[in-house]
A.B. asks: 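My questions all concern the structure below.
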Amino acid sequence: SGLLSTNSGALTPSFVGRGSQIVTDESGALISFPEVGSLYLDRNSSLYIKEAYRLGVRSKDLIPYLEMQLERGAVYSRLNGLAHHLHVQYETPFGTVRVIGTDFLLSMNELSGMQVEVLKGFVEVESLKGKKESATVKKASFALILPDPQGTLYVSEISSDRLGILEQE
């Protein structure tokens with residue numbers, strides 16, 4: 001664990017554990033988890049690993065678990081939670097996203113709040129303020145949690161233009 005600062009390259013689970021802080025500058029970082037998938041932390045982003053255990057190890061007794069906090073920027077998640085009985089959760093100051101076997105982009109900043117764009121599968125999204133709303137966000141849809149005191153949650157379809165851009169990345 002500790003601070004990991006990267007300007008390029010890939011990280012593997014041996015470098016990423018509970019308490020790790022991953023910070024990118026002008027280049028992003030690819031984090032690969034064998035048998036489970038990968039995530040890409042965008043440039044100028046910060047991700048804190050709150051909990052991590054049994055990643056990349058198949059076990060019938062323990063469910064692999066990964067809980068992360070996106071502090072700024074964006075992360076593109078390609079972790080297959082259902083296929084490997086994996087519990088993955090991302091948090092921001094605005095809400096949480098629970099992975100249910102999917103590809104999605106999570107972004108956050110203090111001015112616009114939190115946005116989740118789902119390309120494949122679906123995720124569960126929950127706001128952390130106000131009414132603590134929750135929603136299931138499916139393929140080709142997005143959720144937005146506003147940075148207001150109510151934690152307002154909107155879910156809608158991704159425009160075809162935006163979907164085309166996301167699918168090319």
Side-chain angles (χ1 to χ4, degrees), residues 1 3-4 16-24 28-29 31 33 36-53 55 63-82 84-167 169:
S1 66
L3 177 65
L4 299 172
V16 178
R18 182 179 186 198
S20 293
Q21 178 82 35
I22 305 163
V23 179
T24 59
I31 304 166
F33 300 98
V36 175
S38 64
L39 61 90
Y40 177 78
L41 187 61
D42 201 11
R43 61 189 169 93
N44 301 315
S45 296
S46 178
L47 185 71
Y48 176 71
I49 310 297
K50 292 178 72 171
E51 293 289 339
Y53 61 86
L55 293 175
I63 296 173
Y65 186 87
L66 181 60
E67 187 175 313
M68 299 165 281
Q69 184 164 358
L70 181 64
E71 297 175 330
R72 74 170 186 270
V75 61
Y76 177 56
S77 179
R78 296 191 80 172
L79 300 173
N80 193 348
L82 285 178
H84 300 285
H85 306 287
L86 173 69
H87 174 87
V88 177
Q89 182 169 302
Y90 292 90
E91 296 179 1
T92 74
F94 306 103
T96 62
V97 177
R98 188 168 63 92
V99 177
I100 308 175
T102 189
D103 292 357
F104 68 93
L105 176 66
L106 170 64
S107 57
M108 185 283 295
N109 73 52
E110 297 298 322
L111 297 176
S112 61
M114 179 181 106
Q115 181 167 308
V116 181
E117 297 170 292
V118 179
L119 293 120
K120 180 174 126 182
F122 59 96
V123 297
E124 295 288 333
V125 177
E126 180 180 8
S127 65
L128 295 178
K129 298 180 180 178
K131 298 181 279 183
K132 296 190 177 183
E133 299 177 278
S134 64
T136 299
V137 185
K138 298 178 181 177
K139 178 181 178 179
S141 297
F142 74 93
L144 176 64
I145 299 178
L146 297 177
D148 60 19
Q150 296 79 28
T152 306
L153 171 64
Y154 292 105
V155 177
S156 188
E157 292 182 10
I158 299 173
S159 72
S160 57
D161 290 344
R162 175 70 178 155
L163 193 57
I165 292 168
L166 290 171
E167 289 173 342
E169 292 182 354

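Scope of the values below: all heavy atoms of this structure, side chains included, with no hydrogens, waters or symmetry mates.
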A.B. asks: With a 3.5 Å distance limit and no angle check, can you tell me whether T24 reaches the backbone of N44 through a side-chain donor-acceptor pair?
C.D. replies: yes
A.B. asks: Supply the atom-to-atom distance K129 NZ to L153 CG, rounded to the nearest 0.5 angstrom.
C.D. replies: 14.0 Å
A.B. asks: How about T152 and I145: do any of their side-chain heavy atoms sit closer than 4.5 Å?
C.D. replies: no
A.B. asks: If you look at every heavy atom in A74 and S45, which pair is closest and at what distance?
C.D. replies: N-OG, 3.0 Å
A.B. asks: If I take atom CE from residue M114 and atom OG1 from residue T92, how far apart are they, to the nearest 0.5 angstrom?
C.D. replies: 5.0 Å
A.B. asks: Do V125 and T96 touch side chain to side chain, with heavy atoms closer than 4.5 Å?
C.D. replies: no
A.B. asks: Can you tell if the side chain of K139 reaches within under 4.5 Å of the side chain of F122, non-hydrogen atoms only?
C.D. replies: no
A.B. asks: When rounded to the nearest 0.5 angstrom, what distance separates CG in L144 from OG in S127?
C.D. replies: 11.5 Å
A.B. asks: With rounding to the nearest 0.5 Å, note down the distance linking CD in Q69 to NZ in K50.
C.D. replies: 5.5 Å
A.B. asks: Within the side chain of D161, is there an N or O that forms a donor-acceptor pair under 3.5 Å with the backbone of I165?
C.D. replies: no
A.B. asks: Looking only at heavy atoms, what is the nearest atom pair of F104 and L119, with distance?
C.D. replies: CA-CD1, 4.1 Å
A.B. asks: Give, for atom CG of D42 and atom CG of L47, the distance between the pair rounded to the nearest 0.5 Å.
C.D. replies: 12.0 Å
A.B. asks: Can you confirm whether I158 sits close enough to L166 that some side-chain heavy atom of one is under 4.5 Å from a side-chain heavy atom of the other?
C.D. replies: yes
A.B. asks: Measuring only between side-chain heavy atoms, which start at C-beta, is M68 closer than 4.5 Å to E51?
C.D. replies: no
A.B. asks: Is a donor from one side chain sitting under 3.5 angstrom from an acceptor on the other, for E124 and S134?
C.D. replies: no
A.B. asks: Would you check, one step at a time, whether the test side-chain contact (heavy atoms from CB on, under 4.5 Å) holds for L146 with Y154?
C.D. replies: CA-CA 8 Å; L146 297 177; Y154 292 105; 3.4 Å; yes
A.B. asks: Does either side chain, that of S77 or that of Y90, offer a donor lying less than 3.5 Å from an acceptor on the other one?
C.D. replies: yes
A.B. asks: Is there a donor-acceptor contact under 3.5 Å linking the side chains of N109 and S112?
C.D. replies: yes
A.B. asks: Search all heavy atoms of S46 against all heavy atoms of L70 and return the closest pair with its distance.
C.D. replies: O-CD1, 3.6 Å
A.B. asks: How many angstroms lie between atom CG of L105 and atom CZ of R78, to the nearest 0.5 angstrom?
C.D. replies: 12.0 Å
A.B. asks: Taking the side chain as C-beta and beyond, is there a heavy-atom pair between Y48 and S20 under 4.5 Å?
C.D. replies: no
A.B. asks: Answer yes when E110 and R72 have at least one side-chain N-carboxylate O distance shorter than 4.0 Å, and no when they do not.
C.D. replies: no
A.B. asks: If every non-hydrogen atom of L128 is compared with every non-hydrogen atom of G95, which pair is closest and at what distance?
C.D. replies: CG-CA, 3.5 Å
A.B. asks: State, to 0.1 Å, how close F94 and P147 come at their nearest heavy-atom pair, and which atoms those are.
C.D. replies: CE2-CB, 3.3 Å
A.B. asks: Looking only at side-chain N and O atoms, does E133 offer a donor or acceptor that is under 3.5 Å from a partner on Q150?
C.D. replies: no
A.B. asks: Take E71 and Q21 through the side-chain contact (heavy atoms from CB on, under 4.5 Å) test and state the conclusion after the steps.
C.D. replies: CA-CA 10 Å; E71 297 175 330; Q21 178 82 35; 2.5 Å; yes
A.B. asks: Do the charged groups of R162 and E117 touch, with an N to O distance under 4.0 Å?
C.D. replies: yes
